[in-house]
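Following: one structure in structure tokens, then a few remarks.
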There are 2 protein chains.
Amino acid sequence: MITQKDVARLAGVSVSTVSRVLNESSLVDEKTKQIVESAIKKLNYKPNLVAYGLRAKSSKLVGLILPEMNHYTYASFAQFVEGSCMEKGYSMLLGLHHNECELEKSLVDEFQRRNVDGLILCLAIDEQNLSNNLMEYISVPTVMYERTFNNNRMGGIRFDNYKAGKMAAKYLAGLNHKNIACTVGPMGMHYVQDRFFGFRDELTVQGIEIKKQNVLECDFNYRVPNFVSGEDAARAFLDGRSDRDIPTAIWAHNDNVASGVIKELHRRKIKIPEEISVMGVDNIGLTDMIYPSLTTIGQPLKNMAEKSVEMIMEEIELGEEYKADIVIMEPELIIRESTGKCRS
Amino acid sequence: MITQKDVARLAGVSVSTVSRVLNESSLVDEKTKQIVESAIKKLNYKPNLVAYGLRAKSSKLVGLILPEMNHYTYASFAQFVEGSCMEKGYSMLLGLHHNECELEKSLVDEFQRRNVDGLILCLAIDEQNLSNNLMEYISVPTVMYERTFNNNRMGGIRFDNYKAGKMAAKYLAGLNHKNIACTVGPMGMHYVQDRFFGFRDELTVQGIEIKKQNVLECDFNYRVPNFVSGEDAARAFLDGRSDRDIPTAIWAHNDNVASGVIKELHRRKIKIPEEISVMGVDNIGLTDMIYPSLTTIGQPLKNMAEKSVEMIMEEIELGEEYKADIVIMEPELIIRESTGKCRS
DNA sequence: CTGAAAGCGCTAACAC
DNA sequence: GTGTTAGCGCTTTCAG
């Protein structure tokens, strides 16, 4: 390993001069600067970031903690976070907690022991369960992703799930659908609730009532893949019903579930969207790859990732002055082929 | 931040004693050990890993460098690598180079400056272009993922692409298909070549000749999504052909492309697999979510990830003694709904 | 068995 | 302007 010492020796100066050149603390003679710089180049010296971090008490490291990576939204979010960090001269540590609190805690610990400058965190559990527990462990600037809560100490960023639900309902109502079904995840999760309440409220505004048997809570327990829940849901909405009772539109609370719905409809040779319109939320990569391509409400993942990193940077900069804020990002209606006018 | 100093003060011992307790270098009296341990607990002291790393010249950090995260195989591989690292007490830095050599180089640089103990690297470019360039920059234990090459300095791990091609061909031939089409990526990439050569060679073994117009090189340039290439390919295999000329089976060189093929077939109301069988490679999450679910040749991503980390650990341990090895992992035939017996 | 001291590679006061 | 010195939090000789 080449160190400042080596450079200093070659250039015939002291290490602090080398340091000064590197940090552009202008108080260095142009001539010595040149000499040092050529020595740096000759030795191909690169400052060691561990030592820098120890001394400067800043690691230039951001820790990103997510549930998993097998899910498009997380993978994509991670990709954008990485990009933003890189751009700002930070590297990204990635940890996955698989929705296990123990793992989550040890990741937080580990990352803090690595002096991360900031943490972007998507909690394993609902905000209720956590507040007392994990919160005290965290002593670095943190942005909560997706599961936010107000503690005016940590920033948060999330998607406007309520509005997403409303947009979906409005769009389907605008296509003249009256008999509408939907899936929901476990209502314990805020974001799940929000999506559903938005959907229901907007239907009410539109003068549409959603029948109880047309709302299906999926067994969203991480043991059954989402799309299988979708297949089950489609079955529930179709089996043993008279034609009049069959919904003309199905809104799934996420795209994975929607893909399962579509799969089951294909299996039954039901035409999409001619007979039944299908819609999701998230705008994952899959939406364009299936037939028919899926109409959905998109999350602005890139913006959310960039904003998260910006918030972290701001928090790092301001320190105590920082005032925690929860940023809620706008959903976007993305119309593809899986939805159409109601024909009955 | 709580440091050893604080613990030492509280326990009434020296920092070196604290360090000894932490590192279990047994030469410490049971009684003082107890005192120190209770002080540690009381203060909730956690050793700082940056300082440890600087001193020990081991960061307990593995750097994973991949092209991107929007692709299922990479996301999944990353997930498994993270899990393996975690298990072994390592954290994972993640970097994405988006197939840009410049970015790749700066990631390697950056990670090395962070004293990563090892690197798992999926190159941005084909091995040819790189050897002179990047190789010299890398001075830590490295495992090449997916794009391997023999330089007996770095380990490598990849999927047996040739065999994957063979397995696909054998399976389709076994279903009695004779008129078979396939897609290929840019033949400059070894792994693309391997898949195709395996496919072609096995067809020859089976006494089947693949017509030139039934091999379509996709414009696999990262500007067009894979699945769009698949749609284009399907069109090319179908348009302006007499019924006799239309293939009864299409093998795509990856699952994303296969999904595009399926999409286009749906659009034309062609029954899968009754009229045309479709098959892919990789076994990405999508394969189960589309209709019909996709028969494919699976990569053992979990094994590959675990093996990569093991190789890194071995290399770290053995140092100069380490003998670089290229490990080639077995493909697995996964039969789903998109393929069936030839009916013509 | 334990404490004191040196040093990992770097930066920042403080002299000169 | 530049060199000297101290110190970030830790481990590891070396004495005792």
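The basis for the numbers below is simple: all heavy atoms, side chains too, and nothing from hydrogens, waters or symmetry mates. Here is the naming used below: chain letters follow the sequence lines, and residue numbers restart at 1 for every chain.
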Margin query: Does B:Val50 reach a base, just sugar-phosphate, or nothing at all? Heavy atoms under 4.0 Å.
Written below: nothing
Next item on the list: Provide, to the nearest angstrom, the distance between the CD atom belonging to A:Glu24 and the P atom belonging to D:dG1.
Entry: 16 Å
Checklist line | Ion pair check, B:Lys302 and B:Glu306, cut-off under 4.0 Å | finding: yes
Next item on the list: Output yes when at least one side-chain N/O atom of A:Ser16 is less than 4.0 Å from OP1 or OP2 of C:dA12, else no.
Entry: no
Item checked: B:Ala56 or A:Leu22, whichever maps to the more 5' nucleotide of DNA chain C -> B:Ala56
Item checked: Atom pair distance, as rounded to whole Å: CG in B:Leu54 and C1' in D:dG7 -> 12 Å
Note to self: Please report the interatomic distance OH(B:Tyr322) to CE(B:Met311), rounded to the nearest 0.5 Å.
What the structure shows: 4.0 Å
Checklist line | OP1 or OP2 of D:dC10 under 4.0 Å from side-chain N/O of B:Tyr45 | finding: yes
Next item on the list: Please report, rounded to the nearest Å, how far the P atom of C:dT2 is from the CD1 atom of B:Ile35.
Entry: 9 Å
Note to self: Main chain of B:Ser106, side chain of B:His97: is a donor-acceptor contact present, judged purely on distance under 3.5 Å?
What the structure shows: no
Item checked: Integer-rounded Å distance: D:dG7 P and B:Lys5 NZ -> 8 Å
Check: Within the structure shown, what part of the strands sits under 4.0 Å from B:Thr17 by heavy-atom distance: base, sugar-phosphate, or nothing?
Finding: sugar-phosphate
Check: For D:dG9, does OP1 or OP2 lie under 4.0 Å from any side-chain N or O of A:Lys57?
Finding: yes
Check: Where the side chain of A:Ser14 is concerned, which of C:dT2, D:dG3, D:dT12 is the nearest nucleotide?
Finding: D:dG3
Check: Going by atom types alone, do A:Glu110 and B:Ser91 pair a side-chain donor with an acceptor below 3.5 Å?
Finding: yes
Checklist line | Any N/O donor-acceptor pair, B:Arg20 side-chain to C:dG3 base, under 3.5 Å | finding: yes
Next item on the list: Give the ring-plane orientation class for B:Phe77 versus B:Tyr145, where under 30° counts as parallel, over 60° as perpendicular and anything between as tilted.
Entry: parallel
Next item on the list: Compare the minimum distances between each of C:dC1, D:dG3, D:dT11 and the side chain of A:Val13, then state the nucleotide with the smallest one.
Entry: D:dG3
Next item on the list: Please state whether the base of D:dG9 and the side chain of B:Arg55 form at least one donor-acceptor pair under 3.5 Å?
Entry: no
Next item on the list: Consider the side chain of B:Gln4, meaning its heavy atoms from C-beta on, and name the nucleotide among D:dT11, C:dC10, C:dC1 that approaches it most closely.
Entry: D:dT11
Next item on the list: Tell me whether the OP1 or OP2 atom of D:dC8 has a side-chain N or O from B:Asn48 closer than 4.0 Å.
Entry: no
Note to self: At 4.0 Å (heavy atoms only), tell me whether A:Thr3 reaches a base, stays on the sugar-phosphate, or touches nothing.
What the structure shows: sugar-phosphate
